[in-house]
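Here is the structure we will look at.
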Amino acid sequence: GLFCRLQGMDFLKQADLMAPSGPLAILFFRLGCFCNGCCLGRPADLHWAVRLPENSLAAQLTNGAAVHPTSLYAALNALLILIVLLMLGRRHYAPGTLLGVFLLMYGSLRFLLDLTRRIDAHPQLQGVLTMNQGLNLAIGLAGAILLAFLWRRVRTA
């Protein structure tokens with residue numbers, strides 16, 4: 001924000017220009033997580049559940065059980081967000097709309113994704129939510145608030 005102000009640029013316009021790069025980076029990052037065997041999922045009895053290499057630390061942590069491929073879920077979430085942002089970017093919306101959509105979708109989808117993650121090593125917030133879920137709720141809420149603010153500003157203009 002400060003850099004944009006010093007350069008005489010509109011922060012929300014610049015944020016909209018950069019918004020698609022967020023899910024694109026997340027997409028590649030999560031594919032790398034899958035290849036590395038980190039971001040472990042909960043045990044799953046599904047056709048698409050994965051078994052990690054026997055000699056890997058991840059397999060030892062899961063006792064060789066098939067688990068949700070949470071990194072692939074996250075990559076698919078990022079791809080979905082990227083597609084939505086690119087489609088919305090073809091139209092003219094109030095500056096900040098793409099940023100708001102990104103935050104809302106990312107926070108919401110990541111919150112749901114955490115339901116498939118192995119959580120025994122993640123700190124809890126009051127025993128109800130993981131830290132990740134609390135953070136993702138805040139991110140999604142920030143996006144919803146931004147979109148509501150923009151929608152109200154457009155309606156009153």
Side-chain angles (χ1 to χ4, degrees), residues 1-42 44 46-53 56-59 61-62 66-119 121-123 125 129-151 153-154:
L2 179 61
F3 177 79
C4 288
R5 181 171 287 174
L6 291 173
Q7 297 298 317
M9 297 185 288
D10 182 340
F11 171 76
L12 291 176
K13 284 183 182 179
Q14 298 306 312
D16 280 352
L17 288 172
M18 296 298 294
S21 64
L24 183 62
I26 293 166
L27 171 66
F28 288 114
F29 181 78
R30 292 302 173 187
L31 289 174
C33 284
F34 180 73
C35 292
N36 191 44
C38 57
C39 303
L40 300 173
R42 293 178 189 238
L46 302 167
H47 295 293
W48 60 86
V50 296
R51 289 192 190 276
L52 302 159
S56 70
L57 175 61
L61 291 172
T62 61
V67 296
H68 282 281
T70 55
S71 298
L72 293 182
Y73 297 162
L76 288 173
N77 285 343
L79 181 61
L80 173 65
I81 296 168
L82 178 61
I83 290 168
V84 168
L85 292 180
L86 291 176
M87 289 174 57
L88 289 175
R90 298 174 130 182
R91 299 183 162 244
H92 296 288
Y93 293 97
T97 299
L98 294 182
L99 174 62
V101 169
F102 170 63
L103 294 173
L104 177 62
M105 287 185 72
Y106 180 75
S108 303
L109 293 171
R110 276 294 301 213
F111 179 85
L112 294 174
L113 175 72
D114 270 8
L115 299 175
T116 67
R117 288 183 67 193
R118 183 182 149 150
I119 61 168
H122 298 291
L125 292 174
L129 300 174
T130 66
M131 292 290 280
N132 281 342
Q133 286 173 319
L135 178 61
N136 290 315
L137 271 179
I139 291 170
L141 184 60
I145 290 169
L146 176 58
L147 291 171
F149 170 77
L150 294 172
W151 181 72
R153 193 161 93 182
V154 168

>> Please determine whether side chain to side chain contact (heavy atoms under 4.5 Å, CB included) holds for the pair Trp48 and Leu72, giving the CA-CA distance in whole Å, both sets of side-chain angles, and the decisive distance to 0.1 Å.
In response: CA-CA 10 Å; Trp48 60 86; Leu72 293 182; over 6 Å; no

Say you draw a straight line from [atom1] of [X] to [atom2] of [Y]; how long is it, rounded to the nearest 0.5 Å?
X	Y	atom1	atom2	value
Leu98	Leu147	CG	CG	9.5 Å
Ile81	Leu104	CD1	CG	9.5 Å
Phe29	Ser71	CZ	OG	8.5 Å
Gln133	Leu137	CD	CG	7.5 Å
Asn36	Leu31	CG	CG	12.5 Å
Phe102	Leu82	CZ	CG	10.0 Å

> Do you know which two heavy atoms are closest between Leu27 and Ala78, and how far apart they sit?
Replying inline: N-CB, 3.7 Å

> Which atom names give the shortest non-hydrogen contact between Ala49 and Pro69, and what distance separates them?
Replying inline: CA-CD, 4.4 Å

Tell me whether [X] contacts the main-chain N or O of [Y] through its side chain, where contact means a donor paired with an acceptor under 3.5 Å.
X	Y	value
Arg42	Leu115	yes
Ser108	Met105	no
Thr97	Tyr93	no
Asp16	Leu99	yes
Gln14	Phe11	no

Could you check if a side-chain atom of [X] sits within less than 4.5 angstrom of a side-chain atom of [Y], using non-hydrogen atoms only?
X	Y	value
Leu141	Ile145	yes
Pro23	Leu85	yes
Phe111	Asn132	no
Leu112	Asn77	no
Arg30	Phe34	no
Arg110	Ile139	no

>> Walk me through whether Leu52 and Leu40 qualify under side chain to side chain contact (heavy atoms under 4.5 Å, CB included).
In response: CA-CA 10 Å; Leu52 302 159; Leu40 300 173; 3.6 Å; yes

